[in-house]
Amino acid sequence: MKNTKQKLCIVINSIAPYRIPVYSVLTQSFDVTILHGGKEAGRTWSVDLPGSLREITVWSFKIPTRKKMGVGTVHDRTYFHLNLGLLFWLPKIRPDVIISNELGARTIMALLYGVLMRVPVWVWWGGTMHSEKNLGGLKKKLRLAISRRVKHWISYGETSTEYLEFIGVNRASILQIQNCVKQETFLKPRLSVPVYFVDAVRPVLLTVGQLKARKGIDRLIHACGRFASEKDFTLIVVGQGPEQQKLMALAESEGLKHRIWLKNQSQEELSLIYRSADAFIFPTMEDIWGLVVNEAILSGVPVLCSRFAGCAPELLEEENIFDPLDDGSWDKGLRRIFNGTLAAPDRARIKTWQEVGTMIRASLLEGRVSIAYELPQVYPGSS
């Protein structure tokens, strides 16, 4: 039987494993090919694609650069990706629709093909007012020029939609989803407690992320240090990165008696770690979303989150959000943890990967932002 599915190309820098369930939903209606530039530098992700998804590594240049973060005091090493192989693979595959991530060279090439072949191009956008505040003048002008050519948008959430509207994008052309994880992994009952929790001094404060300046772990350690002489608690840091030795030395100098450092963990082990903690703290100086917050909420642990995380206003109560640049805000949030008054997590705020995938699939099929995607908020395996 002849295949009647439309061909969809997703053009990205690298394949993030948390996106695979959403991409799989799209295969229900499309032949999906992911065109990417290879493994992202600095990531230890392991990607296992189902047979329904085709992936092609295209010829790309990766140019290292440094980005000034939204707070203006932190720089992060990033890469400029030039996926020139798209100029070969898009005409070869001849897609009926394209999804491109972000606003740069990759999207320019997708739009060029879209205009020539009359193919719709959707841009999946994640930047926020905070993350984009330090853009140079030339980049701003280029981005505005590109955005005027884009007719269809997918935004990470409220804070990404806010930025798109700020640069003049019509709200009616924006499909607002959420960044999401495979919720089933984090809804499993806690059948055991990791060995390093058994004798841990309570409360246990947990943070998870790359150990780099942008993640604000140093500010977390300084804040905990102000309570080290008056409160007993354990700080657990899960992650790896260039700042690890510096941060470990800082924790010792701040007098944190009970501290545990763990390398990157599997999703299954992370679920167990979240559920064994008393509070999760996300001290980022800039994240366009912050999927660890999703994971913590789904695992049922209260969350104290930096206001510089794109997910914060959408997933959390105001009292659970703090300013990592303000010592008073830090202290107020930590006292709520120590007093047991931090607001409980609300899973109902989080969209499932099934819902997100269905929202995108329905909109792609209709060629516009669709309203025919309503799904119940169901979290399989929750108790």
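The closest side-chain heavy-atom distance from I297 to L315 is below 4.5 Å. When side chains are defined from C-beta on, N101 counts as touching R106, because their heavy atoms get closer than 4.5 Å. At least one side-chain heavy atom of R94 sits under 4.5 Å from a side-chain heavy atom of Y113. Side-chain contact check for E102 versus T107: every heavy-atom pair is 4.5 Å or farther apart. No side-chain heavy atom of I260 sits under 4.5 Å from any side-chain heavy atom of V237. Side-chain atoms of V58 and V11, non-hydrogen and from C-beta on, never get closer than 4.5 Å to each other. The shortest side-chain heavy-atom distance between H36 and T57 falls under the 4.5 Å cut-off. Counting heavy atoms from C-beta outward, R219 and I221 have side chains that stay 4.5 Å or more apart.
For T27 (side chain) and S52 (main-chain N/O), no donor-acceptor pair under 3.5 Å exists by modelled atom type. Judged purely by atom type and a 3.5 angstrom limit, D346 uses its side chain to pair as donor or acceptor with the backbone of A348. Judged by distance alone, the side chain of E319 and the main-chain N or O of L342 form no donor-acceptor pair under 3.5 Å. Panel note: side chain S131, backbone T128; a donor-acceptor pair is recorded below 3.5 Å. Of the possible donor and acceptor atoms, none in the side chain of S363 sits under 3.5 Å from a partner among the backbone N and O of I360. Judged by distance alone, the side chain of Q210 and the main-chain N or O of G241 form no donor-acceptor pair under 3.5 Å. Between the side chain of S306 and the backbone N or O of P283, no donor-acceptor pair lies under 3.5 Å. Side-chain N or O atoms of K7 include one that pairs as donor or acceptor with a backbone N or O of I93 at under 3.5 Å. Remark: side-chain polar atoms of W124 are not paired, donor with acceptor, to backbone N or O of G126 under 3.5 angstrom. Remark: side-chain polar atoms of H130 are paired, donor with acceptor, to backbone N or O of M285 under 3.5 angstrom.
Here the CD1-CD1 distance, from I99 to I34, works out to 10.0 Å after rounding to the nearest 0.5 Å. Here the straight-line distance linking atom CG of L164 with atom CD1 of I154 works out to 11.5 Å at 0.5 Å rounding. To the nearest 0.5 Å, atoms OG1 (T159) and CD1 (I288) are separated by 9.0 Å. In this structure, Y18 OH and E295 CD are separated by 11.0 Å, a value rounded to the nearest 0.5 Å. Within the model, atoms CG of L256 and CG of L235 stand 6.5 Å from one another, a figure rounded to the nearest 0.5 Å. One finds the CG atom of L103 at 9.0 Å from the CD1 atom of I108 (value rounded to the nearest 0.5 Å).
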Exercise for review: Take L272 and F197 through the side-chain contact (heavy atoms from CB on, under 4.5 Å) test and state the conclusion after the steps.
Suggested key: CA-CA 10 Å; L272 206 56; F197 278 93; over 6 Å; no
Review point. Run the side-chain contact (heavy atoms from CB on, under 4.5 Å) check on I167 and L144 step by step: do they pass?
Key: CA-CA 7 Å; I167 63 172; L144 287 171; 3.8 Å; yes
Practice item. Evaluate the side-chain contact (heavy atoms from CB on, under 4.5 Å) criterion for residues K5 and Q28: first the C-alpha distance (whole Å), next the side-chain angles of each, then the deciding distance (0.1 Å), finally the verdict. Key: CA-CA 9 Å; K5 289 184 178 180; Q28 297 173 17; 5.9 Å; no
Review point. Does the side-chain contact (heavy atoms from CB on, under 4.5 Å) test come out yes or no for M129 and E132, once each step is laid out?
Key: CA-CA 5 Å; M129 296 294 291; E132 309 307 304; over 6 Å; no
**Study point:** Worked verdict on Q176 versus W153 for side chain to side chain donor-acceptor pair (under 3.5 Å)
**Key:** CA-CA 8 Å; Q176 182 174 297; W153 298 85; over 6 Å; no
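With ring centers used as reference points, F233 lies 6.0 Å or more from F227. Between F88 and W59, the distance separating the two ring centers is not shorter than 6.0 angstrom.
Under the 4.5 Å side-chain heavy-atom criterion for ILVMFWY residues, no single connected hydrophobic cluster contains both L316 and L220. Residues L205 and V293 fall into different hydrophobic clusters, defined by Ile, Leu, Val, Met, Phe, Trp and Tyr side chains chained together at heavy-atom separations under 4.5 Å. I273 and L291 fall within a single hydrophobic cluster, where Ile, Leu, Val, Met, Phe, Trp and Tyr are joined by side-chain heavy atoms under 4.5 Å apart, directly or via other members.
For R202, the CZ atom is densely surrounded, since the number of other residues' heavy atoms within 6.0 Å is greater than 12. Heavy-atom contacts from other residues, nucleotides or ligands closer than 6.0 Å to CD of E268 number more than 12. More than 12 heavy atoms of other residues, nucleotides or ligands lie within 6.0 Å of CZ in R171, so this atom counts as buried by the packing criterion.
Checked for salt-bridge contact, D287 and R214 meet the test: a charged N lies under 4.0 Å from a carboxylate O. With respect to the salt-bridge test (charged N to carboxylate O, under 4.0 angstrom), the residues R368 and E366 qualify. For D323 and R307, the salt-bridge test passes: some basic side-chain N is under 4.0 Å from an acidic carboxylate O.
Judged as a salt bridge (charged side-chain N to carboxylate O under 4.0 Å, His left out), the pairs with a partner in residues 240-263 (not counting sequence neighbours) are, in order, D232-K257, E243-K246.
Taking the six-membered ring where tryptophan is involved, the planes of Y163 and F166 are tilted, since the angle between them lies from 30° to 60°.
Nearest heavy atoms, T284 versus F308: O-CB, 3.7 Å. The minimum heavy-atom distance linking I350 with N294 is given by the pair CD1-O, 3.8 Å. The shortest heavy-atom contact between K351 and V356 is CB-CG2, 3.9 Å. A pairwise comparison of heavy atoms in S14 and I12 identifies O-CD1, 3.2 Å as the closest pair. In plain terms, the two heavy atoms of G357 and V25 that are nearest each other are C-CG1, 3.5 Å. The minimum heavy-atom distance between N83 and M109, with the atom names listed, is O-CE, 3.4 Å.
For the 3.5 Å distance criterion, the side chains of E355 and Q178 fail to qualify, holding no donor opposite an acceptor. Using modelled atom types and a 3.5 Å distance limit, the side chains of R336 and N320 yield no donor-acceptor pair. Using a 3.5 Å distance cut-off with no hydrogens or angles, the side chains of R361 and S29 do pair a donor with an acceptor. For T161 and S155, the side-chain atoms include at least one donor-acceptor pair closer than 3.5 Å.
No option in D218, V238, I217 other than I217 meets the side chain to side chain contact (heavy atoms under 4.5 Å, CB included) test with L211. The only option from V119, L35, L112, L116 that meets the side chain to side chain contact (heavy atoms under 4.5 Å, CB included) definition with L90 turns out to be L35.
For the pair R335 and W330, the cation-pi criterion (under 6.0 Å, within 45° of the ring axis) is not fulfilled.
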